[in-house]
Amino acid sequence: MKTFDTIDELRAWVGGEKRRGLSVAFVPTMGALHGGHRACIEKAAELGDVVVVSIFVNPTQFGPGEDLDKYPATLDKDLELCRNLGVAAVFVPETREMYTTNQNVWVEVEGLTSPLCGRSRPGHFRGVATVVAKLFNIVAPDTAVFGQKDAQQAVVINEMVTRLNLPVRVALAPTIREPDGLALSSRNGYLGDADRQRAASIYQALLAGRDAISRGDRTAKTIIEAVQTRLATGGIDDVEYVELVTADTLEPIDRVEGRVLLGVAVRIGTTRLIDNVVLTVAADGGVTEAMLF
Ligand code: AMP
């Protein structure tokens with residue numbers, strides 16, 4: 001497995017692979033890799049001949065007071081996991097390699113970034129879209145894989161690719177969870193034992209919302225209340241949002257029909273956690289979990 005910390009060396013290597021006729025599948029990450037990243041890498045291995053992973057904690061997607069400075073770093077372990085998964089190359093740039101001067105050019109995806117996490121994290125998706133656009137230009141992948149765990153991010157990236165005609169196919173990996181339902185996240189490590197137990201209620205609350213829909217409830221307000229109630233009984237009292245939006249355009253809905261995204265963001269102690277389920281409501285009223293796209 002190759003590791004590169006400069007753009008030029010990575011580009012030269014990717015160019016060589018492409019000249020050999022190999023397709024490139026890319027998984028951007030911020031490191032502290034876990035089973036969710038593994039799922040993305042495994043999906044990438046299905047879709048491309050060679051897999052490239054980037055590990056870069058992107059400062060421009062963190063707001064003031066967020067956890068940029070304490071974001072977990074486990075590089076040796078990450079490289080080991082990548083090696084075991086057959087990754088061909090890992091790109092680990094320093095910040096100065098990615099942002100050599102003051103960044104005065106940004107990718108702004110309008111509309112899709114105003115609901116859900118966009119409300120409380122102004123500038124976050126601008127940072128994400130900008131770094132992913134830069135990484136796409138550096139890696140030049142045929143395919144890039146993102147996790148449904150960060151559903152709004154996946155929709156934003158897909159929109160960027162479509163509207164800017166970027167020659168990349170965007171694919172999704174499903175959300176990987178702990179046995180008790182907590183979605184794997186690099187931030188779960190911030191949680192102490194009691195908070196970790198509380199965190200299991202996030203997914204249980206999403207399931208309570210799903211159950212309400214399965215029972216025939218179609219009113220967003222009461223479904224959202226079912227989620228909020230389950231969060232409260234699970235000891236989660238700092239709820240940033242519980243939202244029901246359309247799965248494709250992320251527009252708030254009053255009534256549930258077709259494919260919808262039920263998203264949650266909470267704070268447990270000082271740790272902010274997000275999760276979601278995408279649900280398809282069939283004509284016969286049956287409810288199934290679905291992929292975003
Ligand atoms: P991050 O390192 O948190 O920026 O995540 C890198 C990629 O892994 C993103 O596309 C995430 O959506 C994806 N990812 C993170 N957690 C999970 C998870 N639990 N299941 C599936 N994908 C995930």
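As the structure is a prediction and not an experimental result, all values here were calculated from the model. Note that ligands are numbered from 1 as they come in the structure, with each ligand's atoms numbered from 1 the same way.
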S.K.: Can you check which of Pro28, Ala144, Gly147 brings a heavy atom nearest to atom 22 (N) of ligand 1?
M.R.: Gly147

S.K.: Do Asp195 and Tyr190 meet the criterion of a side-chain donor-acceptor pair at a distance under 3.5 Å?
M.R.: no

S.K.: Are any of the N/O atoms in Asp150 less than 3.5 Å from those in ligand 1?
M.R.: yes

S.K.: Among all protein non-hydrogen atoms, which one is nearest to atom 1 (P) of ligand 1, and what is the separation to 0.1 Å?
M.R.: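 Residue, atom and distance for the closest contact: His37 NE2, 3.6 Å.
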
S.K.: Give the residue, atom name and distance (to 0.1 Å) of the protein heavy atom nearest atom 20 (N) of ligand 1.
M.R.: Ile176 N, 2.9 Å

S.K.: Show the atoms of ligand 1 that are less than 4.0 angstrom away from any heavy atom in Pro174.
M.R.: 20 (N), 21 (C)

S.K.: For atom 19 (N) of ligand 1, what's the nearest protein heavy atom and its distance?
M.R.: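 Checking every protein heavy atom, the shortest distance to atom 19 (N) of ligand 1 gives Leu184 O, 2.8 Å.
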
S.K.: In Å and rounded to the nearest 0.5 Å, what is the CG to CG distance from Leu184 to Asp275?
M.R.: 10.5 Å

S.K.: Between Gln153, Met30, Arg187, which one has a non-hydrogen atom sitting closest to atom 9 (C) of ligand 1?
M.R.: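 The residue whose heavy atom sits nearest atom 9 (C) of ligand 1 is Gln153.
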
S.K.: Distance from Leu112 atom CG to Arg163 atom CZ, nearest 0.5 Å?
M.R.: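 Result: 8.5 Å between the selected atoms.
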
S.K.: Just jot down the ligand 1 atoms closer than 4.0 angstrom to any heavy atom of Thr175, in number order.
M.R.: 20 (N), 21 (C)

S.K.: Within 45° of the six-membered ring axis of Tyr203 and under 6.0 Å from that ring's centre, is NZ or CZ of Arg177 located there?
M.R.: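 That pair qualifies as a cation-pi contact.
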
S.K.: Would you say Val145 has any N or O atom under 3.5 Å from an N or O of ligand 1, going by distance alone?
M.R.: no

S.K.: Is the ring pair Phe62/Tyr71 parallel, tilted or perpendicular, if the boundaries are 30 and 60 degrees?
M.R.: perpendicular

S.K.: In terms of atom number and element, which parts of ligand 1 are under 4.0 angstrom from non-hydrogen atoms of Thr29?
M.R.: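 Ligand 1 atoms under the 4.0 Å threshold to Thr29: 2 (O), 6 (C).
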
S.K.: Test of understanding: clusters of I, L, V, M, F, W, Y form through side-chain heavy atoms closer than 4.5 Å, transitively. Do Leu135 and Val51 belong to the same one?
M.R.: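 Shared cluster, no.
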
S.K.: What I want to know is whether Phe146 and ligand 1 share at least one N or O pair that is separated by under 3.5 angstrom.
M.R.: no

S.K.: Is His34 close enough to touch ligand 1? Criterion: a residue heavy atom under 4.0 Å from a ligand atom.
M.R.: yes

S.K.: Verify whether one side chain among Thr6 and Glu9 offers a donor that lies under 3.5 Å from an acceptor in the other.
M.R.: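 Short answer, yes.
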
S.K.: Is there a donor in the side chain of Arg230 and an acceptor in the side chain of Ser201, or the other way round, less than 3.5 Å apart?
M.R.: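 On atom types as modelled, these side chains qualify, holding a pair under 3.5 Å.
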
S.K.: Tell me the protein heavy atom at minimum distance from atom 18 (C) of ligand 1, and give that distance in Å.
M.R.: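 That would be Gly36 CA, 3.5 Å.
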
S.K.: Under 30°, 30 to 60°, or over 60°: which ring-plane class applies to Tyr99 and Phe56, parallel, tilted or perpendicular?
M.R.: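 Answer is tilted, since the angle falls between 30° and 60°.
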
S.K.: So which protein heavy atom does atom 3 (O) of ligand 1 come closest to, and at what separation?
M.R.: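 In this structure, atom 3 (O) of ligand 1 has Tyr71 OH, 3.9 Å as its nearest protein heavy atom.
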
